[in-house]
Number of protein chains: 2
Amino acid sequence: MNTSLPPSGLSIAAVERDTGLAKDTLRVWERRYGFPAPARDSNGERVYPADQVDKLRLIRRLIDQGLRPAKLIGLEPTALSELLGGLGTAQPSADPARSAQFETILKFVRLHLHEDLRRSLQQLLMKLGLQRFVGEVLAPLNMMVGDAWLRGELEVPEEHLYTEQVQNLLRAAISSQAAASAGRPRVLLTTFPDEQHALGLLMAEAMMVPEGACCISLGTQTPLDDIRNAARAGRFDIVAVSFSAAFPARLALDGLRSLREGLGPDTGLWVGGAGITGQARKLPNVQVFASIDELPEALRSWREAHPAPDRA
Amino acid sequence: MNTSLPPSGLSIAAVERDTGLAKDTLRVWERRYGFPAPARDSNGERVYPADQVDKLRLIRRLIDQGLRPAKLIGLEPTALSELLGGLGTAQPSADPARSAQFETILKFVRLHLHEDLRRSLQQLLMKLGLQRFVGEVLAPLNMMVGDAWLRGELEVPEEHLYTEQVQNLLRAAISSQAAASAGRPRVLLTTFPDEQHALGLLMAEAMMVPEGACCISLGTQTPLDDIRNAARAGRFDIVAVSFSAAFPARLALDGLRSLREGLGPDTGLWVGGAGITGQARKLPNVQVFASIDELPEALRSWREAHPAPDRA
DNA sequence: ATTCATATTTTGTCCTGGACAAAATGTTGA
DNA sequence: TCAACATTTTGTCCAGGACAAAATATGAAT
């Protein structure tokens, strides 16, 4: 039941897409470390065997976790997998019942039981309310899904399925609560270019809308200049940006500093997500959230510091 | 109110991100056509002035429309803009009242009046019902937004704003109608890798769910093999794939042929979107939709051809 | 005149191997 | 513990040659 004859390996462009490693990087690794060592087709072009691509994927994930290529490239795939396994960060929930529930949900994801997945999430949402649902369920679940993905226990379709279902749930819940347009503060949400993960944004929105904030999301991947311009033109009080674990911290810091300058001093810059936590002290005048639970409290503080104007 | 001193131009990587033109392509154009002609920094690296990047963006859009680089690179930006203007495809709606309504909505997008935008879309949705809303409002509106974007009348944030609002509306509407899990047929929706546009998928879902189909969306960018595997494992009756205008037709055709083979003969392959219309005859055994309006009828035909089994 | 097969041009991607700056790490001294 | 400096690691850039796939032009045959 194989596909066909020739494609017994991937081109360098395909490997770039699959692993996220730039063509230049693939070539320079080969030159320096002797790995990967792709075959060549009749045309002298690289043809990467599947097992080397798998190993590259593992290496990529470990690099994203902060390890360095030279230490990884020589290792066996099994050793790499072990490293990956040791890196799981999600500590099991304190509440064993809740913890078991999460395992069940993860099982639904693994088995593509979208209907069961939808139903269990929906029930939890109904039971806990939007804010607690995000803080107590989605936050840890995301970590678990992320860890599972890291160690290769989940494939692309499973991850997509989870994301879609959560997105549906959150968008519906947010729509139904949409605050009056006069809500305060006015918050602009988005991510930087190259950051595709929309869940963080939605979760933030779900935390803030019930507090009466007026949230406008631009979705993912807004160029820096456009964020600045949109924030000014729309007279927003706060710009909120989210970063997933894979986002290079360097890019985030540079971009945030530049954005911080571009926004007026009256506009708050709130950021969060695994890609940025712990960088707080390097970001003056930027509010860095270690956990999404802090958002409601932060909103309340903002309100105290910015009493509503008399009324226009 | 400029940013700072040094960045009076973009690096080749930044231009790649901004224009979608590969670094190799940028360098080879420079070598062959003498354009772009970037300055060099102290390090000998290319620094592209903003006006050249703007022209590159125009060229890129025209190439996506089927024109060829050699004919474009010599032209003045004004001439390029004219070409772009002549390419608008959306003929004004037959109904003048409706047409005026669309213009109003577009104005809201342009002015970032998210609240008004949301309200007008919501009203139309309520008035027309989900299916007619998608077919009679969103389809033409998408064309208008696409055209405006093409000729540079809309920027990134406006386009994002529109997409987000529509997505919120559609997801909420779909959730509220979600069919019983036993719905037929079982439809798997997704896009190919490198295709980021999710609206087509949502619109398709919105057309099918009210007909009682059981739709599972994987969101955008699922690798081909994963689509095949997911379709088999989930015993889907139909796989639906959508292509935006910018998607290279070649990639779409190749991918679809390969996917067609990979799916069993009992699984339907339904495709649509501006990137694929008109290619129908090159795709045997693939159902190509010229308009999203055809979906409900196609579902009914499918049901006739596949009478429900006795009941398990 | 339309379709089909074959030449020609255009165009994007790949190649090698050298270079260099930014980031990470190691070292030293307060 | 922190700061300043030296060293290594690492990713990205460059030039300029090559080639195959796509697009177009040319010609033959229906």
Side-chain angles (χ1 to χ4, degrees), chain A residues 6 9-17 19-48 56 59-60 62-74 194 246-255 257 279 281-282, chain B residues 6 9-17 19-48 56 59-60 62-74 194 247-255 279 281-282:
Chain A
L10 301 183
S11 72
I12 195 170
V15 175
E16 176 179 65
R17 264 211 329 262
T19 64
L21 296 164
K23 297 187 193 65
D24 271 329
T25 305
L26 290 167
R27 284 192 277 254
V28 88
W29 281 7
E30 182 179 342
R31 203 194 313 168
R32 284 189 190 140
Y33 313 118
F35 182 89
R40 300 294 179 127
D41 66 7
S42 59
N43 194 25
E45 307 197 341
R46 292 169 172 81
V47 177
Y48 294 83
L56 284 170
I59 293 176
R60 169 65 205 268
L62 285 163
I63 289 177
D64 283 345
Q65 298 304 303
L67 306 195
R68 313 209 59 194
K71 314 227 167 194
L72 300 171
I73 280 190
D194 293 331
F247 198 88
R250 187 73 210 314
L251 275 182
L253 291 174
D254 281 359
R257 289 199 195 99
Q279 314 279 331
R281 50 176 208 149
K282 299 182 196 163
Chain B
L10 302 182
S11 72
I12 194 169
V15 176
E16 176 179 65
R17 264 210 330 261
T19 64
L21 296 164
K23 297 193 214 9
D24 271 328
T25 304
L26 290 167
R27 284 193 277 254
V28 89
W29 280 8
E30 183 179 341
R31 201 195 315 165
R32 284 189 188 140
Y33 312 119
F35 182 89
R40 301 295 178 128
D41 66 8
S42 61
N43 194 26
E45 306 197 344
R46 292 171 172 80
V47 178
Y48 294 83
L56 284 170
I59 293 176
R60 170 63 206 270
L62 285 163
I63 288 177
D64 283 345
Q65 298 303 304
L67 305 195
R68 313 208 60 192
K71 314 227 166 192
L72 300 171
I73 279 190
D194 294 330
F247 198 90
R250 189 72 210 314
L251 274 182
L253 291 174
D254 280 0
Q279 314 279 329
R281 50 174 209 151
K282 298 182 196 163

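Order of the sequence lines fixes the chain letters, A, B, ..., with proteins taken first and strands second; residue numbering starts at 1 for each chain. In what follows, every heavy atom counts, from backbone to side chain, and hydrogens, waters and symmetry copies are set aside.
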Rounded interatomic separation in angstrom, taking [atom1] from [X] and [atom2] from [N]:
X: B/D254; N: D/dA21; atom1: CG; atom2: C1'; answer: 11 Å
X: A/D64; N: D/dT10; atom1: CG; atom2: P; answer: 15 Å
X: B/L67; N: D/dT24; atom1: CG; atom2: C1'; answer: 14 Å
X: A/L26; N: C/dT13; atom1: CG; atom2: C1'; answer: 15 Å
X: A/E30; N: C/dG18; atom1: CD; atom2: C1'; answer: 16 Å
X: A/K23; N: C/dT16; atom1: NZ; atom2: P; answer: 14 Å
X: B/R40; N: D/dA15; atom1: CZ; atom2: C1'; answer: 9 Å
X: B/Y48; N: D/dC13; atom1: OH; atom2: C1'; answer: 11 Å

Kindly indicate whether the side chain of [X], heavy atoms from C-beta on, has any atom under 4.5 Å from the side chain of [Y].
X: B/D64; Y: B/R60; answer: yes
X: B/I59; Y: B/W29; answer: yes
X: A/L10; Y: A/R17; answer: no

> What closest approach, in Å, do A/P36 and A/E30 show between heavy atoms, and which atom pair accounts for it?
Replying inline: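 A/P36 and A/E30 have their closest heavy atoms at O-CG, 3.3 Å.
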> Do you know which two heavy atoms are closest between A/A252 and A/F247, and how far apart they sit?
Replying inline: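 Scanning both residues, the minimum pair turns out to be N-CE2, 3.6 Å.
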>> Between B/S11 and D/dT12, is there a contact of a side-chain N or O with OP1 or OP2 at under 4.0 Å?
In response: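 No, outside the criterion.
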> Under 4.0 Å: is that the gap between some side-chain N or O of A/R46 and OP1 or OP2 of C/dT16?
Replying inline: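 Yes, such a contact exists.
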Give the nucleotide from the list [options] with an atom nearest to the side chain of [X].
X: A/V28; options: D/dA15, D/dT12, D/dT9; answer: D/dT12
X: A/E45; options: C/dT11, C/dG12, C/dC15; answer: C/dC15
X: B/I12; options: C/dG12, D/dT12, D/dC14; answer: D/dC14
X: A/A22; options: D/dT12, C/dG12, C/dA24; answer: D/dT12
X: B/N43; options: D/dG11, C/dC20, C/dC14; answer: C/dC20

>> Can you tell me whether the side chain of B/R31 and the base of D/dG17 have a donor-acceptor pair closer than 3.5 Å?
In response: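 It does, because a donor-acceptor pair links the side chain of B/R31 to the base of D/dG17 below 3.5 Å.
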>> I'd like to know if A/R32 reaches the base of D/dG11 with its side chain, counting only an N/O donor and acceptor under 3.5 Å.
In response: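 Yes, the side chain and the base share a sub-3.5 Å donor-acceptor pair.
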>> So B/D24, base contact, sugar-phosphate only, or nothing? Heavy-atom distance under 4.0 Å.
In response: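 Base contact - B/D24 has a heavy atom under 4.0 Å of at least one base atom.
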> Does A/K71 or A/A14 map to a spot on DNA chain C nearer the 5' end, using the closest nucleotide for each?
Replying inline: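 Looking at DNA chain C, the more 5' nearest nucleotide goes with A/A14.
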> Quick one: on DNA chain C, does A/A13 or B/Y33 contact a more 5' nucleotide (nearest heavy atom)?
Replying inline: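 Its nearest nucleotide being more 5', the pick is B/Y33.
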